[in-house]
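Just the heavy atoms: all of them, side chains too, but no hydrogens, waters or symmetry mates, feed the values below.
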Amino acid sequence: QVQLVESGGGSVQAGGSLRLSCVANGRPFSTCTMGWFRQAPGKEREFVGGITNSGIRTYYADSVKGRFTISRDNAKNTVYLQMSSLKPDDTAVYYCAAEWLGSGIYYLRAPSDFHSWGQGTQVTVSS
C-alpha cells in the first residue's frame, strides 16, 4: 500500500515563497517518477512539474518555469516543491503523485499517468 503525505501549504502574499514536501512510503522511492499537480476551484487538475526517479531530470509547466523547483531526497523518501515569486493565480490545492515504471527516464505529465496520489495541501496567495 503506497502512501503519499504532503505538507508545507499555507497562506502567503504575492511575491512570497513556500516549500511543499511529500513523503512516500510503501514502495522503493528511488525507482518512482514523482509529479506535482494543482487544482484550483472549478478547474481541472493541472500538471506543475515532475522529477525522474534518480532526480537527474526535472520538467515543468510553462506557467511555473523559472519560479518553481522540484527536488528529491531518496534517502528520506521525500520530494520537494520550492515555490518562489508566487502569484494569486498559483492559489490551489497541490498534490504530489508517484508512478513506478521500472528503470529508465519517464516524463509523465498527465494525471492519468500517475496511480498514487497524496491528499493535497492548500496554497493560498493573496495580492
| request: Determine the minimum heavy-atom distance between Phe29 and Val79, stating which atoms define it. | output: CZ-N, 4.0 Å

| message | Would Leu18 and Val123 count as a side chain to side chain contact (heavy atoms under 4.5 Å, CB included) here? Give the steps. | response | CA-CA 9 Å; Leu18 280 174; Val123 172; 3.9 Å; yes

| About how many Å separate CD1 of Ile105 and CD1 of Ile56, when rounded to the nearest 0.5 Å? | 6.0 Å

| Do you see a donor-acceptor pair shorter than 3.5 Å between the side chains of Tyr107 and Arg57? | yes

| field | Nearest non-hydrogen partners of Ala92 and Gln122, listed with the distance | value | O-NE2, 3.5 Å

| Short question: side chain of Ser30, backbone of Asn74 - any donor-acceptor pair under 3.5 Å? | no

| message | Rounded at 0.5 Å granularity, tell me how far SG in Cys32 sits from CG in Leu4. | response | 8.0 Å

| message | Between Trp100 and Pro28 (side chain of the first, backbone of the second, donor and acceptor by atom type, cut-off under 3.5 Å), is there such a pair? | response | yes

| field | Shortest non-hydrogen contact from Glu46 toward Arg38 | value | OE2-NE, 2.6 Å

| query | Would Ser17 and Met83 count as a side chain to side chain contact (heavy atoms under 4.5 Å, CB included) if you check the C-alpha gap in whole Å, the side-chain angles of each, and the deciding distance to 0.1 Å? | reply | CA-CA 5 Å; Ser17 299; Met83 304 184 292; over 6 Å; no

| Are the side chain of Glu6 and the backbone of Gln119 linked by a donor-acceptor contact shorter than 3.5 Å? | yes

| said: Aromatic contact between Phe37 and Trp117, with the criterion being ring centroids under 6.0 Å apart: yes or no? | reply: yes

| Distance, nearest 0.5 Å, that separates OG1 of Thr33 from CZ of Phe114 | 6.5 Å

| Does Thr121 reach the main-chain N or O of Gly9 with its side chain, forming a donor-acceptor pair under 3.5 Å? | yes

| Gap separating the CG atom of Asp90 from the CZ atom of Arg67, nearest 0.5 angstrom | 4.0 Å

| query | Taking the side chain as C-beta and beyond, is there a heavy-atom pair between Asn53 and Leu101 under 4.5 Å? | reply | no

| query | What heavy-atom pair brings Ser126 and Pro88 nearest, and what distance separates the two atoms? | reply | C-CG, 4.4 Å

| Atom pair CE/OG1 of Met34 and Thr52 - distance to nearest 0.5 Å | 12.0 Å

| field | Test: Arg45 cationic atom under 6.0 Å from Tyr95 six-membered ring centre, within 45° of axis | value | yes

| request: Answer with yes or no after comparing the ring centroid distance for Tyr60 and Phe47 against a 6.0 Å cut-off, counting only values under it. | output: no

| Hey, does the side chain of Tyr59 reach the backbone of Leu108 with a donor-acceptor pair shorter than 3.5 angstrom? | yes

| request: Identify whether Val12 and Val48 are in the same connected component of the hydrophobic contact network (ILVMFWY, side-chain heavy atoms under 4.5 Å). | output: yes

| request: Measure from NZ or CZ of Arg72 to the centre of the six-membered ring of Tyr80 and say whether it is under 6.0 Å with the direction within 45° of the ring axis. | output: no

| message | Assess whether a salt bridge exists between Asp62 and Lys65, defined as any Lys/Arg side-chain N lying under 4.0 Å from an Asp/Glu carboxylate O. | response | yes

| task | Could you grab the distance from atom CZ of Phe68 to atom OG of Ser63, nearest 0.5 Å is fine? | result | 7.5 Å

